[in-house]
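A quick write-up on the structure given underneath.
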Amino acid sequence: MTDSPKPRPRPAPHPRPDRPESERPEPEPETQEPRTTRAERRRAERRARSRRGIIVAVISVGLAGGVATYFVVQAQGQPAPRAEASATPTPTPTPTVAAGAGALIAQPDVATAFIAGAVSDIVAVTSYDYRTLDEALSNGLAVTTGTYRESYQSAMTGAVAENARRNHTVQTFDVLRVGIGAITANGTEARVLIFGKEHVTDDTEQTAVDDTPVTLCATIRRQGNSYLISDLVEGANAGVPPGTSELPVAAEAGRAEVVNMLTYRRSDFAIDYARALAGATGGLQRQIVLDAPRTKTAISSGRYDLRGSVTAVAVERATGDTVTLLVAATGTQVDDNGNETQATNGQYEVTVDNMAGSWLTSAITPIVVG
């Protein structure tokens, strides 16, 4: 489990972008961050213990803490694999649409079919009620295939079922955003990134449980007219679907700008600020100008640097001159001794626009759960 991210500070009074830094208003002192309550820590500890066994699928990305049981099967105690944060998404080589059309997904009807299959499948394998476990098992087996299906069946007839009956567990899952990733050349398999929220109640909880943000990457396999889950990994990168040559360029621009927004060093603040400003346009550019004085004061007084990384990317929409991405990213504070503290762990909807031939990010919107 990860700690809840720090709240975004209020922007300082709006300075004009062309005013020298020395003339800009002094930022307000950084606000005190909320402390984790004892009850919240105890709930987190209880949920963490429930991860033991062959079923591992715990996501904590965004505002709330919590543990859900998703059927991501791996070796006991081993973290789910994640894509390299610095990796540039690369499309699968398949026929693309005509050059000069901007950023578009090739064969959008194929992408839509995979997304639709993923939405229904994910709910089936991530929702269950201790009173109707046989029904949940039947629903899950109907939308899974291969070794993942075997692992799912083993879990739902073993440790998960036992824990659910003992603790009277009820788990529900809602899909918030879905993006398409890499698609194989023959169109039979695709990766789909899902931003969702889960809600778990059981007898170990004495108070209300908040909805918990969840990031899952599902590998969907087409078998005849069916779209089935063949793999499910927490937080993994989905990548970029096949399309025009501009599509991966736009996706990389959005990915890089999220990293820019989360990365500021005291020694090179001016360079980092200029880089973030250069990758943005419109409202996001104005936000960067507003936030810069406050950010500089916070890292200087706190004696730490900020480092950002992207863990997952997928394409939600592509309309030629505008691409909307789903991006999962983390932000880390690094002190003078090299100690790292995770500050943010979020899901974002990122809008990238073609501005006179350059792809610039116009909005980075957090996906808020609850």
Side-chain angles (χ1 to χ4, degrees), residues 46-60 66-82 113-175 178 181 184 188-204 212 214-236 238:
R46 284 197 297 270
R47 291 182 174 187
R49 287 194 294 269
S50 71
R51 300 172 64 175
R52 296 170 185 165
I54 63 168
I55 305 302
V56 177
V58 180
I59 311 293
S60 177
V67 171
T69 304
Y70 299 102
F71 303 101
V72 183
V73 180
Q74 57 192 57
Q76 181 176 356
Q78 296 298 316
R82 290 182 179 271
F114 277 110
I115 287 176
V119 169
S120 59
D121 292 357
I122 287 296
V123 173
V125 299
T126 55
S127 301
Y128 64 91
D129 187 317
Y130 72 95
R131 292 159 294 195
T132 56
L133 289 175
D134 289 342
E135 180 181 346
L137 174 62
S138 177
N139 292 338
L141 292 177
V143 299
T144 54
T145 188
T147 57
Y148 178 76
R149 186 177 191 273
E150 298 171 3
S151 300
Y152 174 84
Q153 182 172 19
S154 176
M156 285 300 294
T157 56
V160 171
E162 180 182 347
N163 290 334
R165 293 190 182 97
R166 181 174 62 250
N167 297 319
H168 293 174
T169 304
V170 178
Q171 177 172 299
T172 59
F173 183 89
D174 293 321
V175 175
V178 184
T184 58
T188 60
E189 194 168 273
R191 292 202 296 270
V192 179
L193 189 67
I194 300 106
F195 287 171
K197 65 177 180 179
E198 59 85 13
H199 186 86
V200 180
T201 58
D202 59 41
D203 287 348
T204 68
T212 302
V214 175
T215 298
L216 295 172
C217 181
T219 300
I220 306 297
R221 185 178 300 164
R222 177 171 61 83
Q223 295 181 353
N225 294 325
S226 299
Y227 290 82
L228 308 174
I229 299 176
S230 63
D231 196 17
L232 190 61
V233 182
E234 62 167 312

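- Remark: the backbone N or O of Glu189 is paired with a side-chain donor or acceptor of Thr184 at under 3.5 angstrom.
- A distance of 11.0 Å separates CD in Glu135 from CG in Leu137, rounded to the nearest 0.5 Å.
- Proximity of Val175 to Ile194: side-chain heavy atoms (C-beta onward) are separated by under 4.5 Å at one or more points.
- Side-chain contact between Phe173 and Val125 is absent, with no heavy atoms from C-beta onward closer than 4.5 Å.
- Formation of a donor-acceptor pair under 3.5 Å by the Gln171 side chain with backbone atoms of Asp129 is not found in this model.
- Scanning both residues, Gly117 and Ser120, for their nearest heavy atoms gives O-OG, 3.1 Å.
- When side chains are defined from C-beta on, Val233 counts as touching Asp231, because their heavy atoms get closer than 4.5 Å.
- The CD atom of Glu198 lies 10.0 Å from the CG atom of Leu216; values are rounded to the nearest 0.5 Å.
- Side-chain contact between Ile220 and Arg222 is absent, with no heavy atoms from C-beta onward closer than 4.5 Å.
- Using a distance-only test at 3.5 Å, with no hydrogens or angles considered, no donor-acceptor pair links the side chain of Ser127 to the main chain of Ala124.
- Taking CE from Met156 and OG1 from Thr144, the interatomic distance works out to 11.0 Å, rounded to the nearest 0.5 Å.
- Side-chain N or O atoms of Thr126 include one that pairs as donor or acceptor with a backbone N or O of Ile122 at under 3.5 Å.
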Exercise for review: Could you check Val170 against Tyr130 for side-chain contact (heavy atoms from CB on, under 4.5 Å), going step by step and ending with a plain yes or no?
Suggested key: CA-CA 6 Å; Val170 178; Tyr130 72 95; 4.0 Å; yes
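- With hydrogens and angles left out, the side-chain atoms of His168 and Asp202 include no donor and acceptor closer than 3.5 Å.
- Looking at Tyr128 and Val160, their side chains come closer than 4.5 Å, going by heavy atoms from C-beta outward.
- Residues Leu193 and Val178 fail the side-chain proximity criterion, which asks for heavy atoms closer than 4.5 Å.
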Exercise for review: Step by step, work out the side-chain contact (heavy atoms from CB on, under 4.5 Å) result for Leu141 and Gln153.
Suggested key: CA-CA 7 Å; Leu141 292 177; Gln153 182 172 19; 3.8 Å; yes
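- Taking CG from Leu228 and OG1 from Thr145, the interatomic distance works out to 5.5 Å, rounded to the nearest 0.5 Å.
- Here the OG1-CZ distance, from Thr147 to Arg149, works out to 12.0 Å after rounding to the nearest 0.5 Å.
- Using cut-offs of 30° and 60° on the angle between ring planes, the pair Phe114 and Tyr227 is perpendicular.
- Within the model, atoms CZ of Arg165 and CG of Leu133 stand 5.0 Å from one another, a figure rounded to the nearest 0.5 Å.
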